[in-house]
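Given the structure is predicted, the values throughout are model-derived calculations rather than measurements. Whatever order the structure lists them in is the order used to number ligands and atoms, beginning at 1.
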Amino acid sequence: MLDLDAFITGLPKAELHLHIEGSLEPEQMFEFARRNQVAIPYASVEEVRAAYDFSNLQDFLDIYYAGADVLRTEEDFRDLALAYFDRAAADGVLHAEIFFDPQTHTHRGIPFGVVANGLLAGMAAAEAKHGLTSKLILCFLRHLDEEDAFKTLSQAQPWIDRIDAVGLDSSELGHPPSKFERVFAAAAAMGLKRVAHAGEEGPPEYVYEALELLHVDRLDHGNRSLEDPALIARLARSGMTLTVCPLSNVKLCNVASIDVHPIDRMLRLGLRATVNSDDPAYFGGYVGDNFRAIAQGRTLDRDDLVTLARNSFLGSFLPDNAVATHLARLDAYVEAHT
Ligand code: ADE
Ligand code: ZN
């Protein structure tokens, strides 16, 4: 019998919650720092990894924004993206919808176009190299104000046909979705899809706001929805996709340990949960590692893992015919491995 590790690796899947800046591995941080002659506050890769010990989201964000300072050129963003896609392809990812945080870069003088062109070049290279398709999601930093988000949306205009959605990330507590209602409406009017981090650290009220004020097409994390039975029923009834990130939840102390992660409960409640890596370089693993972590020592069986993979395609922004093609490939894989 095929072992579970190999089954997970080969399982066709999509990744829907991945911050490209969060895929910056310590080795790459040193490489970019050297080639751009940027000073970094660490003496070794081991020292960087030792610093990745977080007690909440803000702890992580402080280190993550500092790390992004080594990213300076189009080539850096291209190399960063391609390195992620190489790892994703090795993990059976056929399609990825990746977040980027333009304000993290424009605020330190890197033009929007350097970021966008670099990432788009990495995406094209990944499709040519692996056949891995991808989409780009522009995230607004919620700790900044509405005016800055509008400015970012206008900087994005020359690339708007190559951006599929807007998202909302960064420090959740104290920055409810309502702060960005108007900018999300403007993005919707441009034909962009909408996603938002909600219920990662924030209360169920933030999830309601993401649904009712931002009109999200997909919910990032959404864990704290589990505190509200009416919200669970609503999410299940509407088939809302939740992009769940198990290792992230543990690393940021939102879940006590991987053994008690509620992913199985989400499935039993009829929620369309998916498995994702969030910031794999910081949280101890890529999407395959996240699948392996939840599959070990708990009540998830192989059918559940297949459901999670199926949900990843159903929750993607791919056109129906592409979703159908991926699902057929997934079915054939499962058939061949039973
Ligand atoms: N930016 C990168 N990762 C994030 C996360 N898990 N939550 C909010 N903002 C983020
Ligand atoms: Zn995230």
Side-chain angles (χ1 to χ4, degrees), residues 14-25 29 51-69 71 77 80-81 84 88 96-105 107 115 119 135-144 148-149 152 165-177 179-180 194-203 206-207 209-210 214 216-225 241-255 261 263 273-287 289-290 312 315:
E15 178 149 53
L16 306 178
H17 187 146
L18 178 280
H19 301 263
I20 197 64
E21 294 90 346
S23 71
L24 178 66
E25 291 287 345
M29 192 187 291
Y52 294 175
D53 182 24
F54 316 113
S55 47
N56 56 39
L57 175 59
Q58 193 59 52
D59 256 15
F60 153 69
L61 290 171
D62 292 342
I63 287 188
Y64 160 85
Y65 294 133
D69 190 40
L71 299 165
F77 286 97
L80 178 71
Y84 160 69
E97 302 189 351
I98 66 170
F99 299 131
F100 73 119
D101 286 342
Q103 289 151 299
T104 299
H105 313 300
H107 278 223
V115 183
L119 295 178
K135 293 182 183 289
L136 203 47
I137 303 177
L138 182 169
C139 279
F140 301 115
L141 297 181
R142 67 202 305 159
H143 67 274
L144 300 177
D148 211 274
T152 303
V166 291
L168 188 62
D169 65 2
S170 192
S171 323
E172 187 179 9
L173 291 171
H175 301 287
K179 200 173 147 183
F180 298 94
R194 286 136 291 162
V195 301
H197 285 54
E200 180 184 18
E201 282 190 346
Y206 284 23
V207 177
E209 284 194 12
L214 305 187
V216 292
D217 298 286
R218 202 157 70 201
L219 195 58
D220 295 317
H221 296 292
N223 297 42
R224 288 195 60 191
S225 309
T241 299
L242 269 58
T243 63
V244 182
C245 306
L247 290 173
S248 162
N249 295 152
V250 174
K251 199 76 180 154
L252 298 184
C253 304
N254 294 314
V255 170
H261 192 281
I263 190 91
T274 61
V275 172
N276 307 272
S277 66
D278 207 1
D279 300 283
Y282 292 86
F283 298 152
Y286 287 75
V287 69
D289 300 305
N290 275 270
S312 72

Going by heavy atoms, is Phe99 under 4.0 Å from ligand 1?
-> no
Under 3.5 Å, N or O to N or O, is Asp278 touching ligand 1 that way?
-> yes
If you have a sec, work out which protein heavy atom is nearest atom 9 (N) of ligand 1 and how many Å separate them, to one decimal?
-> Ser170 N, 2.8 Å
Have a look around the Zn ion (ligand 2) and list protein N/O/S atoms under 2.8 Å, or say none.
-> His17 NE2, His19 NE2, His197 NE2, Asp278 OD1
Answer yes or no: is there a donor N or O on one side and an acceptor on the other, between the side chain of Ser55 and the main chain of Leu252, under 3.5 Å?
-> no
Ranked by distance from atom 4 (C) of ligand 1, the top protein heavy atom is His19 NE2, 3.5 Å
Measure up the Phe140 and Phe180 rings against each other and bin them: parallel (under 30°), tilted (30 to 60°), perpendicular (over 60°).
-> parallel
Between Asn290 and Ser277, do the side chains contain an N or O donor and an N or O acceptor separated by less than 3.5 Å?
-> no
Nearest non-hydrogen protein atom, atom 3 (N) of ligand 1 = Asp279 OD2, 2.6 Å
Ligand 1 to Glu200 polar contact by distance, N or O atoms, under 3.5 Å | yes
Quick one: do the Asp101 and Tyr64 side chains pair a donor with an acceptor below 3.5 Å?
-> yes
With sequence neighbours excluded, what pairs up with His261 under the ring pair (Phe, Tyr, Trp, His ring centres under 6.0 Å) test?
-> none
Give, for atom CG of Leu168 and atom CZ of Phe99, the distance between the pair rounded to the nearest 0.5 Å.
-> 10.0 Å
Enumerate the atoms of ligand 1 whose separation from the nearest heavy atom of Phe60 is less than 4.0 angstrom.
-> 2 (C), 3 (N)
For residues His107 and Asp148, is any side-chain donor paired with an opposing acceptor at under 3.5 Å?
-> yes
Is it true that the side chains of Asn223 and Asn249 contain a donor and an acceptor less than 3.5 Å apart?
-> yes
May I ask you to test the Val207-Arg224 pair for a side-chain heavy-atom distance under 4.5 Å?
-> no
Result of checking Glu15, Glu25, His19 against Tyr84 for side-chain contact (heavy atoms from CB on, under 4.5 Å) | Glu15
Hey, what do you get for CG (Leu144) to OG1 (Thr152), rounding to the nearest 0.5 Å?
-> 8.0 Å
Contact check, Gly22 vs ligand 1, heavy-atom distance below 4.0 Å | no
Under 4.0 angstrom from ligand 1, any heavy atom of Leu61?
-> yes
For His221, take its heavy atoms, then give the atoms of ligand 1 lying under 4.0 Å from any of them.
-> 6 (N)
